[in-house]
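Residue numbers begin at 1 in each chain, while the letters A, B, ... track the order of the sequences. Computed over heavy atoms, backbone and side chain alike; hydrogens, waters and symmetry mates excluded.
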There are 2 protein chains.
Amino acid sequence: MEKRTSILLAEDDVNLGHLLQTFLKSKGFDVTLAQNGKIAFDKFNSDTYQFCIFDVMMPEMDGFTLAKEIREIDRKVPILFLTAKSMKEDKLEGFSIGADDYLTKPFAMEELLARITAITRRTETTDSEVDQHYLIGTIKYEPDIRLLHLKDEVKKLTTKENQLLKLLVKNKNEILDRQATLRAVWGDDNYFNGRSMDVYIAKLRKALKEDESIEIMNVHGKGFKLVVK
Amino acid sequence: MEKRTSILLAEDDVNLGHLLQTFLKSKGFDVTLAQNGKIAFDKFNSDTYQFCIFDVMMPEMDGFTLAKEIREIDRKVPILFLTAKSMKEDKLEGFSIGADDYLTKPFAMEELLARITAITRRTETTDSEVDQHYLIGTIKYEPDIRLLHLKDEVKKLTTKENQLLKLLVKNKNEILDRQATLRAVWGDDNYFNGRSMDVYIAKLRKALKEDESIEIMNVHGKGFKLVVK
DNA sequence: TGAGTCAGTTAACGTTTTTTAACAGCGGTT
DNA sequence: AACCGCTGTTAAAAAACGTTAACTGACTCA
């Protein structure tokens, strides 16, 4: 249940625009592409964006003007400029409007990604959700505080129990690959960690056995699967 | 009570260091100058800074290593690199560590200022980071003056208690890495410092136990995590 | 200058968590 | 059926952590 960062990208060069959109989408962002500043401004006002990337030179409305307009109604949303010029004056004009960063074309995709990451990291909200919970059959499970609400007891899970159960729950009714799980939880899928995992599966089965409809089933040679009937 | 943004500047070139310090001070910043990365790391851990400027090439501990150490205990504080090289690889190495920006020497003072302003603009109004105080559940905590406002007492924290709690609070709901914390607070992550840290965790748990919703939970083999329900 | 105080470390002992060992059973293959 | 790798389970061993108290060294102040 992870919300993706939505980005508003204003770029009149169709090729570059689509290239960037595809790249950023592959990196897990929601990217809305606008052909020019006017369209971008409309889109900004009709939807919610966490991040803006504006080409400086565009028809209709250039990037700087667009940024200035947006800054009047939102003085916080991060704005990154793409500019073909490399003159210092331009850079400064962008910053004084309230840009957060700029890239001079041509630039490496990875650098763009790095800068977006750097900026969004700072603006992230401090507290992540601690109140998230799942229902496994009739049993309430709170992974963030590692609690399992059983019929007549609230069981505290250990780190490993919790990591494993969280993966099972996230992949409910799907096979949880044995090797992948070992690498995720134990860091290495060697023999002993495998045995250790089997021990933890036994613990979890015992913890969940009060609800008959829950089953952690083994898929021979593949992994485990949490099934709730 | 207006407090100035405090900057930690790590620069081994004494001339450039003083020049920058003087310039930034004239622009209204509090600037602490550290001769090398090791000194900077110690200063970062004993005081509070809103911004970091690190020269990449320094004796004792270089800027990238310094940033990496700091990122383990503070994933938000803005870091700007000063680099003499202009290779793209270097830039990316910086960003992947979690840098926010970089400047290639020689650079214009005004450009440095513009970048600092761009990065701090959004955070300065939102964050009450300048007038440092946190709420841990119902308990008010003022790290700068090392006070914990309990129900019927104002508890003075010792240096170590305070450093540890500050890190926990800054990383609320996230795992605070055991080794990184030891290096930050005790300078070395050997066995005995580890035991010492466990003693301090016990002290903090005792101090915070009046609020049931607060928990310092252990993540076996990884570190501790401050959770407020 | 020497008893008292205080922050921090080390020691000691207890508890919890995780790993390893040991043995038993199961599943698929030949 | 015989075999072999995979899994189930329990118990013992090892590692990590929790807590209290004794200890150490630095500082204070009469």
Side-chain angles (χ1 to χ4, degrees), chain A residues 145-148 153-168 175-209 214-227, chain B residues 42 45-46 143 145-148 155-168 175-209 214-227:
Chain A
I145 52 179
R146 305 191 324 206
L147 287 186
L148 208 53
E153 175 206 5
V154 177
K155 183 174 170 56
K156 284 184 184 162
L157 297 177
T158 73
T159 306
K160 286 275 190 292
E161 288 170 343
N162 191 55
Q163 286 181 279
L164 188 53
L165 181 56
K166 184 156 58 174
L167 285 183
L168 284 167
I175 296 175
L176 187 59
D177 183 77
R178 193 178 169 87
Q179 321 298 333
T181 307
L182 282 169
R183 285 194 295 273
V185 180
W186 276 266
D188 185 13
D189 62 351
N190 64 35
Y191 170 78
F192 288 109
N193 288 337
R195 298 318 335 269
S196 203
M197 172 163 141
D198 290 330
V199 169
Y200 275 90
I201 289 289
K203 284 176 202 262
L204 289 179
R205 281 183 179 136
K206 197 176 281 182
L208 296 170
K209 75 171 179 299
I214 302 170
E215 187 189 352
I216 299 177
M217 71 166 53
N218 174 258
V219 182
H220 200 91
K222 292 266 183 287
F224 295 97
K225 185 167 148 184
L226 174 67
V227 181
Chain B
D42 287 343
N45 288 315
S46 46
I145 51 178
R146 307 195 324 205
L147 287 186
L148 206 54
K155 184 174 170 54
K156 285 182 186 163
L157 297 177
T158 72
T159 308
K160 286 273 189 292
E161 287 170 341
N162 191 56
Q163 285 182 280
L164 188 52
L165 182 56
K166 182 156 65 173
L167 286 184
L168 283 167
I175 296 174
L176 185 59
D177 183 80
R178 194 179 167 88
Q179 322 297 336
T181 306
L182 283 169
R183 286 194 296 273
V185 180
W186 276 268
D188 185 11
D189 62 352
N190 64 36
Y191 171 79
F192 287 107
N193 287 338
R195 298 320 331 271
S196 203
M197 172 162 141
D198 290 331
V199 170
Y200 274 88
I201 289 289
K203 285 176 202 248
L204 290 179
R205 281 185 178 134
K206 197 177 282 183
L208 296 171
K209 77 170 180 299
I214 301 170
E215 188 189 351
I216 299 178
M217 77 164 51
N218 172 258
V219 182
H220 199 96
K222 292 268 183 288
F224 293 96
K225 185 168 147 185
L226 174 67
V227 179

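Near DNA chain D, meaning a heavy atom under 4.0 Å from it, residues 176-183 of chain B has B:R178 in order of number. Scanning residues 158-165 of chain B for heavy-atom distances under 4.0 Å to DNA chain C yields B:T158, B:T159, B:K160.
Rounded to an integer number of Å, the gap from A:R205 CZ to D:dT10 P is 12 Å. One can place CG of A:L204 at 15 Å from C1' of D:dT7, the figure rounded to the nearest angstrom. With rounding to whole Å, A:D188 atom CG is found 11 Å from C:dT20 atom P. Between A:N193 atom CG and D:dA15 atom P there is a gap of 15 Å when expressed in whole angstrom units. Whole-Å rounding puts the A:K222 NZ to D:dG5 P distance at 17 Å. Separating the NZ atom of A:K225 from the C1' atom of D:dT7 is a distance of 17 Å, rounded to the nearest angstrom. Between the C1' atom of C:dA12 and the CG atom of B:D198 lies a distance of 14 Å, rounded to the nearest Å.
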field: Worked verdict on B:L165 versus B:L148 for side-chain contact (heavy atoms from CB on, under 4.5 Å)
entry: CA-CA 10 Å; B:L165 182 56; B:L148 206 54; 3.9 Å; yes

message: Working note: B:M197 + B:V185, criterion side-chain contact (heavy atoms from CB on, under 4.5 Å); need CA distance, chi angles, decisive distance, verdict.
response: CA-CA 9 Å; B:M197 172 162 141; B:V185 180; over 6 Å; no

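Nearest-nucleotide assignment on DNA chain D puts the 5′-proximal partner with A:G221, out of A:G221 and B:G223. With the nearest nucleotide of DNA chain C identified for both A:R146 and A:F192, A:R146 has the one nearer the 5' end.
Taking the C1' atoms of five terminal pairs at each end of the helix from C:dT1-D:dA30 to C:dT30-D:dA1, the two resulting helix axes are inclined by 10°, rounded to 10°.
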Dump every N/O contact between nucleotides 20-29 of chain D and the protein below 3.5 Å, one line per pair.
residue: D:dT20; atom: OP2; partner: B:K206; partner atom: NZ; Å: 3.2

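Under the salt bridge (charged side-chain N to carboxylate O under 4.0 Å, His left out) criterion, no residue pair touches residues 216-226 of chain B, with sequence neighbours excluded. Applying the salt bridge (charged side-chain N to carboxylate O under 4.0 Å, His left out) definition to pairs two or more places apart or across chains, none involves residues 157-167 of chain B.
The closest donor-acceptor contact from the side chain of B:N193 to the backbone of B:D188 lies under 3.5 Å. Of the possible donor and acceptor atoms, none in the side chain of B:S196 sits under 3.5 Å from a partner among the backbone N and O of B:F192.
Distances from the side chain of B:N218 to the nucleotides D:dT9, C:dT19, D:dC17 place D:dC17 closest.
Within the 4.5 Å cutoff, the side chain of B:L176 has no heavy atoms near those of the B:L226 side chain.
With sequence neighbours left out, A:D189 forms a side-chain hydrogen bond (donor to acceptor under 3.5 Å, both in side chains) with A:R183. Among residues two or more places apart in sequence or in another chain, the side-chain hydrogen bond (donor to acceptor under 3.5 Å, both in side chains) test is passed with B:N45 by none. Listed by chain and residue number, nothing satisfies the side-chain hydrogen bond (donor to acceptor under 3.5 Å, both in side chains) test with B:S46 (two or more places apart in sequence, or in another chain). The side-chain contact (heavy atoms from CB on, under 4.5 Å) search around A:R195 returns A:Y191, A:D198, not counting sequence neighbours. Scanning for side-chain hydrogen bond (donor to acceptor under 3.5 Å, both in side chains) contacts around A:T159 gives A:R146, with sequence neighbours left out.
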- prompt: Can you give one letter per nucleotide of nucleotides 24-30 of chain C, 5' to 3': B if a protein heavy atom sits under 4.0 Å from the base, S if only from the sugar-phosphate, - if neither?
  reply: ---S---

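The two residues A:L167 and A:A184 come nearest to each other via the heavy atoms CD1-CB, 4.2 Å.
Put simply, B:W186 has a side-chain N or O that comes within less than 4.0 Å of OP1 or OP2 on C:dT9.
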